[in-house]
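Quick caveat: nothing in here was measured; it's all calculated off a predicted structure. Just the heavy atoms: all of them, side chains too, but no hydrogens, waters or symmetry mates, feed the values below. Numbers here simply count residues along the sequence, with the first being 1.
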Amino acid sequence: MTEEEGTGADDARGWDERLGWAFGLISDNPAARAAALERLAEAQGKVADALGRFNEVWLLTRPLGVDGQYGAPALRRACQKYQQAQRGSLPDGVWGRPLSGDVAKWPGLPYALLFLEWEARYPQEWTRHAKSWGTKQSLIRDLARAQQDEAVKEKLTDLVEIVVRRAYRCKDREYVRVARAVDSADLRGRLGRAVDSDSPWARCQAGYVLRLLEHPDLPNTRHVWRDWVAGRAATLI
């Protein structure tokens, strides 16, 4: 299997044909989000059906032995149909990133950003319909490492601001990587305004990100985060 076959890589048109409807998931219009959620349910149903068929064929071809089984045309077809179904769904559709690690040139980049924006803006819908903490973490890390153009940096800056202003969620600490990657006067200004806001979550989280931006040698570890939260809590007693 080639890298392209393994990752489902193709051009932007292919991504838009498969997943263009998913932009409705981040719409401000509830009706548009509801319609996109229906499309997502249909796509996930296709994934489940294809996986069920693959498992059936896997059991039927098991007597052929390992070499014979995985070379069987029926199993290969079932596997291909499963992979095709995955590419049109979430979170499955953003799992196959380039093996080369060049995320900046990946045609799926807009959909990786969409997946993270959906989690940031509508966390309960994301959790109910496509929760995948591992996918969230790996996408954040990939984006933090990649060389991005100004439009993507602006989107990532927006995501950092959204995340620090809400209640903490699993893997949110990973956004420190993004903040360090897109560090700017604009970002620090947004974080400063969040620190001065009335929201305890914003004050705590934005303050933590600012501290790590100001101290690049300070590791973004669970221990450092817990010490920061404990210190913030102590000021409220």
Side-chain angles (χ1 to χ4, degrees), residues 26 91 94-95 97-98 100-106 108-124 126-127 130-237:
I26 56 175
V94 293
W95 284 347
R97 294 179 293 288
S100 63
D102 192 1
V103 177
K105 296 180 181 179
W106 179 40
L109 176 59
Y111 293 94
L113 291 168
L114 181 156
F115 188 74
L116 293 176
E117 183 175 352
W118 182 28
E119 193 274 337
R121 295 182 59 193
Y122 301 106
Q124 299 308 316
W126 181 92
T127 300
K131 180 178 71 174
S132 179
W133 302 118
T135 303
K136 173 183 173 179
Q137 176 178 271
S138 61
L139 287 175
I140 292 172
R141 291 184 175 185
D142 286 349
L143 289 168
R145 287 193 296 265
Q147 295 293 322
Q148 303 293 0
D149 62 26
E150 290 305 314
V152 174
K153 287 181 180 179
E154 179 66 22
K155 176 65 72 174
L156 293 174
T157 298
D158 291 343
L159 283 174
V160 172
E161 181 179 20
I162 293 169
V163 167
V164 300
R165 285 183 174 274
R166 69 173 188 194
Y168 181 86
R169 283 169 57 85
C170 182
K171 306 301 181 182
D172 277 357
R173 186 165 50 84
E174 296 288 344
Y175 274 101
V176 170
R177 299 172 184 266
V178 172
R180 283 174 161 169
V182 301
D183 189 12
S184 67
D186 176 39
L187 175 60
R188 295 195 184 205
R190 298 190 198 194
L191 293 172
R193 289 188 289 276
V195 169
D196 293 335
S197 72
D198 294 332
S199 167
W201 283 111
R203 293 197 300 270
C204 177
Q205 296 180 122
Y208 177 75
V209 176
L210 267 178
R211 184 186 181 211
L212 267 68
L213 289 180
E214 293 166 354
H215 300 277
D217 57 325
L218 192 62
N220 180 32
T221 62
R222 187 175 302 174
H223 176 74
V224 172
W225 165 245
R226 286 177 173 172
D227 281 353
W228 173 262
V229 173
R232 294 292 301 174
T235 65
L236 302 176
I237 298 176

Problem - N/O donor-acceptor pair under 3.5 Å between R180 side chain and L212 backbone - result: yes

Practice task
May I ask you to decide if D198's main-chain N or O and R203's side chain share a donor-acceptor pair within less than 3.5 Å?
Solution key: yes

Problem - Other residues, nucleotides, ligands: >12 heavy atoms within 6.0 Å of D217 CG - result: yes

Side-chain heavy-atom pair [X], [Y] within 4.5 angstrom cut-off:
| X | Y | result |
| --- | --- | --- |
| V160 | R190 | no |
| Q148 | V182 | no |
| W133 | R169 | yes |
| V103 | L139 | no |
| L187 | L213 | yes |
| S132 | W95 | yes |
| W126 | K131 | yes |

As an exercise, state the distance from [atom1] of [X] to [atom2] of [Y], rounded to the nearest 0.5 Å.
| X | Y | atom1 | atom2 | value |
| --- | --- | --- | --- | --- |
| D196 | L191 | CG | CG | 11.0 Å |
| L114 | I26 | CG | CD1 | 4.5 Å |
| R121 | L116 | CZ | CG | 13.5 Å |
| K155 | L143 | NZ | CG | 12.0 Å |
| Q137 | D142 | CD | CG | 10.5 Å |

Quick check: closest heavy atoms across [X] and [Y], and the distance to 0.1 Å?
| X | Y | result |
| --- | --- | --- |
| L159 | A120 | CD2-CB, 3.9 Å |
| V229 | C204 | CG2-SG, 4.2 Å |
| P91 | T135 | CB-OG1, 4.3 Å |
| A206 | V164 | N-CB, 3.9 Å |
| A202 | R165 | CB-CA, 4.0 Å |
| W201 | R166 | CB-O, 3.5 Å |

Problem - N220 and Y175 side chains, donor-acceptor separation under 3.5 Å - result: no

Problem - Aromatic ring pairing W228/Y208, orientation class (parallel under 30°, perpendicular over 60°, tilted between) - result: tilted

Short N-O contact, [X] and [Y], less than 4.0 angstrom:
| X | Y | answer |
| --- | --- | --- |
| K136 | D172 | yes |
| E161 | R193 | no |
| K153 | E150 | yes |
| R177 | E174 | yes |

